[in-house]
Amino acid sequence: MIQEALKEIKRGCAELIDNEYVEKLLKAYFDEGKTYTVKAGFDPTAPDLHLGHTVLLQKLATFQKYGARVQFLIGDFTATIGDPTGKSATRKVLTQDEIKKNISSYTSQAFKILDESKTDIVYNNDWLEKLGAAGMLRLASNLTVARMLERDDFSKRFASNTPIAVSEFMYPLLQGYDSVHLQSDIEIGGTDQKFNLLMGRQLQKLYGLKKQQAVLMMPILEGLDGVQKMSKSLGNYIGVTEEANTMFAKVLSISDDLMWRYYELLSTKSLEDIEKLQEGVKDGSLHPKKVKEELALEITERFHSHEAALAAQAEFEKVHAKSQIPTDIEEFECDGEIWIAKALVDCKIEPSTSQARRDIKQGAVKVNQEKISDMQLQLGAGEYILQVGKRKFAKLKVK
RNA sequence: GGUGAGAUAGUCAAGUGGCCAACGACGGCAGACUGUAAAUCUGCUCCCUAUGGGUUCGCAGGUUCGACUCCUGCUCUCACCA
C-alpha cells in the first residue's frame, strides 16, 4: 500500500530528497490516519496558469489522495522581489495591486485539479512583512555570497556580465523561510527550484525545527517548441483557461518526441500503457497522430468536458484534414469599400499593412477560400471569409 | 569615489563619416512536402496604398552638405582599483 502510493508519488519526478521521511509520513497516514503538509509556492506574476504549472498541481493532487494537506503558497511578498530562477535578466517588480488582481483567477484555476477541502491557501506576505529589517538581516546572515553564487543561474549571469540585484539574493532565503514558518513536511517544485527548495531544509534546521522538509522536484515541462520551458512570456504555452478547440489544436501541434514527454508528465495513463503506445508507434501498428490525438483529448477533457473535447477533435478534423472553414470565426464589419490589406489588419489577422502585403505576395492570403495575388484588391459590399496562412481566419461584412 | 570597457531591430551580434532600414546567426511568419509533427528546400521578417515616403542604432544636445559611426552632457551595465 505504502509502496504503491510512493510509486505514484514518484512518477515522473526528477529527484526526491529524503525518501525515508516521505515513507514515514505515508506510513503514519495509512496506520494512524495522520495527515502531513505539502507546500508548493506559486508566483502571482501572471494571472493564467498553463500546463507547466499543472505538472506540479497534479502531483499535489496525488499527495492529497494519500493524506496530504496542501499548503498552496501565494508568493505575494516574494513576487515584489522577483524570482531570479531561469531569468537572464532582473525581473520587473509587480505592484501590490497587480498581484491582488492575479490571485483570485489563479486559485480558481488551480481548483480544477486540486481538492479544495484539502488545501490551505496561504500568503507569504502575512509573515514576511512582519519579519522586519532585523529578521531579514538575521535571515541573510545564514548565507554567504560564495554559497549564493554557487547557484547556477547566478553564476551564469555573473559570468556573462548580466546584472544581479542584491534583492534577488533574498529570494531563496525568503522562500526557505516560508518553509520554516509553515513547518512544511514536504515541498515540491521544479528542478530549477532546487537551490530554493534545499534552502528550506537548511533554514528549518538553523531555526531549530525537528524535521526538515523532504523535497520533490519535478522536471520542467517544455513548451510547444520543445526546447524552452513552457512560459507565458515565450508564448509557447497551453493555458488552462483556453478554449477547447485551441487547446486541442495546440497539443496536436507539438512534435512527436515532445508528445512522450507530455504523456509522462501530464497524462494520467499508467506508465505501462504509455510504453505500449510507444511500442505501437515504433512497430508501425499505431499512427503517431492517433496517439497524439488521444493525448489531446485527455488534456482537453480535463479542463473542459468529454463532449467539448470530442467537439474540438471534430472541428480540428474539419478545418485541417478537410480544409474547411472553422465553425466559429470572429466577425467584423466595415462601411464601404475596403482595401484588402487594410481589411486584414482591421480583422486583426495581420499586424500591419506591410506584413499583409508581404503575405499576399507570397500567396498566403485567401478570400473565400480563393488564393489572391492582387495587392490592390478592393472589397466591395458583401460578406467575405478572410484567411492568412493555415490558422488565421476572420469574417468581414462590408456594407 | 577613481580608471577602463560597453549600450545596435524579438534575442545574439557585425558595422566605426556617405555604398545603412543597417552583414550574419537564432527565433518568428509564409510557401512546397506532410500528419497544422519532425526533417528538408524557398521566400519574408520597422512603419506607411509603396519602383516612392517616413521613423530607427541607450537618452539629450552639438559638429558636418551628410552621423549607427566624431564631440559634449546624462542614464544604465560590466570589470579593475578604493
Side-chain angles (χ1 to χ4, degrees), chain A residues 86-92 149 154-166 168 222-229 231-238 245-263 277-278 280-282 284 286-297 300 312-326 334 336-346 348-366 370-379 386-393:
Chain A
K87 298 289 184 299
S88 50
T90 309
R91 188 161 77 187
K92 73 161 195 229
L149 280 173
F154 281 147
S155 60
K156 268 188 196 142
R157 278 162 64 184
F158 195 69
S160 66
N161 294 350
T162 12
I164 303 171
V166 172
E168 291 182 74
E222 290 84 354
L224 300 175
D225 54 44
V227 181
Q228 292 189 273
K229 79 177 208 179
S231 86
K232 185 156 189 181
S233 52
L234 292 172
N236 61 357
Y237 69 103
I238 301 178
N245 286 346
T246 320
M247 214 177 243
F248 188 90
K250 279 189 176 178
V251 175
L252 226 57
S253 80
I254 65 174
S255 78
D256 291 358
D257 288 340
L258 189 59
M259 161 170 82
W260 299 117
R261 184 81 170 148
Y262 277 34
Y263 256 115
L277 290 175
Q278 230 158 347
V281 169
K282 220 182 214 170
L286 276 172
H287 194 292
K289 195 191 172 198
K290 280 271 165 275
V291 181
K292 210 181 287 174
E293 274 180 333
E294 231 174 282
L295 177 69
L297 277 175
T300 309
Q313 185 182 26
E315 176 77 6
F316 185 89
E317 276 303 303
K318 181 183 159 195
V319 177
H320 300 289
K322 299 176 189 154
S323 59
Q324 291 173 352
I325 304 297
C334 76
E337 211 179 56
I338 185 164
W339 177 41
I340 179 68
K342 190 100 181 64
L344 293 169
V345 174
D346 285 353
K348 295 179 189 152
I349 51 180
E350 284 286 22
S352 68
T353 57
S354 297
Q355 183 63 44
R357 281 162 165 275
R358 281 179 221 123
D359 283 337
I360 292 169
K361 205 161 142 195
Q362 294 195 110
V365 176
K366 287 182 185 169
E370 296 277 340
K371 199 177 275 187
I372 60 158
S373 53
D374 179 9
M375 204 95 79
Q376 299 303 327
L377 185 69
Q378 299 291 327
L379 300 177
L386 306 177
Q387 182 181 357
V388 177
K390 288 172 195 155
R391 311 172 193 212
K392 282 171 283 182
F393 294 89

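Naming: A, B, ... by sequence-line order, numbering from 1 per chain.
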Chemist: Among pairs that include at least one residue of residues 313-322 of chain A, which meet salt bridge (Lys or Arg N to Asp or Glu O under 4.0 Å), considering only residues two or more places apart or in two chains?
Modeler: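 Counting only pairs at least two positions apart or across chains, the salt bridge (Lys or Arg N to Asp or Glu O under 4.0 Å) contacts touching residues 313-322 of chain A are A:K289-A:E317.
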Chemist: Is the closest side-chain heavy-atom distance between A:Q355 and A:D359 below 4.5 Å?
Modeler: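 Result yes, sub-4.5 Å side-chain heavy-atom pair found.
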Chemist: What integer number of Å spans the C1' atoms of B:rG18 and B:rG2?
Modeler: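 It comes out at 39 Å once rounded to the nearest Å.
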Chemist: With C1' as the reference atom in both, quote the distance from B:rU55 to B:rA22 in angstrom, rounded to an integer.
Modeler: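 B:rU55 and B:rA22 have their C1' atoms separated by 14 Å.
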Chemist: Apply ring pair (Phe, Tyr, Trp, His ring centres under 6.0 Å) to A:F316 and list each qualifying residue two or more places apart in sequence or on a separate chain.
Modeler: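 A:F248, A:H320.
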Chemist: Examine B:rC47: is either OP1 or OP2 under 4.0 Å from a nitrogen or oxygen in the side chain of A:R358? Give yes or no.
Modeler: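 Answer is yes, contact under 4.0 Å.
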Chemist: Return the set of residues passing side-chain contact (heavy atoms from CB on, under 4.5 Å) with A:D225 (not counting sequence neighbours), or none when no residue passes.
Modeler: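 Partners of A:D225 by the side-chain contact (heavy atoms from CB on, under 4.5 Å) criterion, ordered by chain and then number, come out as A:V227, A:Q228, A:N236.
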Chemist: Is the side chain of A:K292 donor-acceptor paired with the backbone N or O of A:V251 at a distance under 3.5 Å, no angle test?
Modeler: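 No, A:K292 side chain to A:V251 backbone: no donor-acceptor pair under 3.5 Å.
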Chemist: Have a look at B:rA79 and give me syn or anti from its glycosidic angle (syn if within 90° of zero).
Modeler: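 Glycosidic conformation of B:rA79: anti.
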Chemist: What is the pairing partner of B:rU72, taking Watson-Crick or G-U wobble pairs with both distances under 3.5 Å in any strand?
Modeler: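 Here B:rU72 is engaged in a pair, and the nucleotide opposite it is B:rA60.
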Chemist: Find the distance A:L379:CG to B:rU49:P and express it as a whole number of Å.
Modeler: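 Going from A:L379 (CG) to B:rU49 (P), I get 15 Å.
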Chemist: Within the 4.0 Å heavy-atom criterion, would you say A:E350 contacts the bases, only the backbone, or no part of the nucleic acid?
Modeler: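 A:E350: no heavy atom of the nucleic acid under 4.0 Å.
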Chemist: Evaluate the side-chain proximity of A:L386 to A:L379: yes if any heavy-atom separation is below 4.5 Å, no if none is.
Modeler: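 The answer is yes, as the side chains (C-beta and beyond) meet within the 4.5 Å cut-off.
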Chemist: With rounding to the closest Å, how many angstrom separate the P atoms on B:rU11 and B:rG28?
Modeler: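 These two P atoms come out 15 Å apart once rounded.
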Chemist: In B/S/- notation, 5' to 3', how is nucleotides 26-42 of chain B contacted by protein heavy atoms closer than 4.0 Å?
Modeler: ----BS--BBBBS----
Chemist: With a 3.5 Å limit on both atom pairs, tell me what B:rG4 is paired to, counting Watson-Crick and G-U wobble, or say none.
Modeler: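 The answer is B:rC78, by the H-bond criterion.
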Chemist: For nucleotides B:rU40 and B:rU34, find the distance between their C1' atoms and express it as a whole number of Å.
Modeler: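 So the two C1' atoms sit 11 Å from each other.
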Chemist: Under a 3.5 Å cut-off for both distances, is B:rG18 Watson-Crick or wobble paired, and to whom?
Modeler: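 Pair assignment: B:rG18 / B:rC65.
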Chemist: B:rU49 P sits how many Å from A:L344 CG, rounded?
Modeler: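 It is 13 Å, rounded to the nearest whole Å.
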Chemist: Report the residues that fulfil side-chain hydrogen bond (donor to acceptor under 3.5 Å, both in side chains) with A:Q313, sequence neighbours left out, ordered by chain and then residue number.
Modeler: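 A:Q313 satisfies side-chain hydrogen bond (donor to acceptor under 3.5 Å, both in side chains) with no other residue.
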Chemist: Does the structure show a Watson-Crick or G-U wobble partner for B:rU49, both distances under 3.5 Å? Name it, or say none.
Modeler: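 Per the H-bond distance test, none.
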Chemist: Using the P atom on both, measure B:rA9 against B:rG58 and round to a whole Å.
Modeler: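 These two P atoms come out 8 Å apart once rounded.
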Chemist: Apply side-chain hydrogen bond (donor to acceptor under 3.5 Å, both in side chains) to A:S255 and list each qualifying residue two or more places apart in sequence or on a separate chain.
Modeler: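 side-chain hydrogen bond (donor to acceptor under 3.5 Å, both in side chains) list for A:S255, sorted by chain: empty.
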Chemist: Tell me the partner of B:rA39, counting only Watson-Crick (N1-N3 plus N6-O4 or O6-N4) or G-U wobble (N1-O2 and O6-N3) with both under 3.5 Å; none if nothing fits.
Modeler: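 Per the H-bond distance test, none.
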Chemist: Sort me out a list of protein N/O and nucleotides 76-79 of chain B N/O pairs below 3.5 Å, or just none if empty.
Modeler:
residue: B:rC78; atom: O2'; partner: A:N161; partner atom: OD1; Å: 3.3
residue: B:rC78; atom: O2'; partner: A:N161; partner atom: ND2; Å: 3.0

Chemist: Using a heavy-atom cut-off of 4.0 Å across all strands, would you classify A:S354 as base, sugar-phosphate, or nothing?
Modeler: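 Base contact - A:S354 has a heavy atom under 4.0 Å of at least one base atom.
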Chemist: Residues two or more places apart in sequence or in another chain: which of them pass ring pair (Phe, Tyr, Trp, His ring centres under 6.0 Å) with A:W260?
Modeler: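 Counting only residues at least two positions away or on another chain, A:W260 forms a ring pair (Phe, Tyr, Trp, His ring centres under 6.0 Å) with A:Y263.
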Chemist: Using atom C1' in both nucleotides, what's the gap between B:rG10 and B:rC46 to the nearest angstrom?
Modeler: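 Per the computed distance, 12 Å lies between those C1' atoms.
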Chemist: Quote, to the nearest angstrom, the C1' distance that separates B:rG24 from B:rC20.
Modeler: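 Here B:rG24 and B:rC20 have their C1' atoms 15 Å from each other.
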Chemist: Is there a Watson-Crick or G-U wobble partner for B:rC12 with both distances under 3.5 Å, and if so, which one is it?
Modeler: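 Paired with B:rC12, as far as the under-3.5 Å criterion goes, is B:rG24.
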Chemist: Can you list everything that forms a side-chain hydrogen bond (donor to acceptor under 3.5 Å, both in side chains) with A:K366? Sequence neighbours excluded, please.
Modeler: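 Listed in chain order: nothing, the list is empty.
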Chemist: Sticking with atom P, work out how far B:rG52 lies from B:rC78, rounded to a whole angstrom.
Modeler: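 That atom pair is separated by 45 Å.
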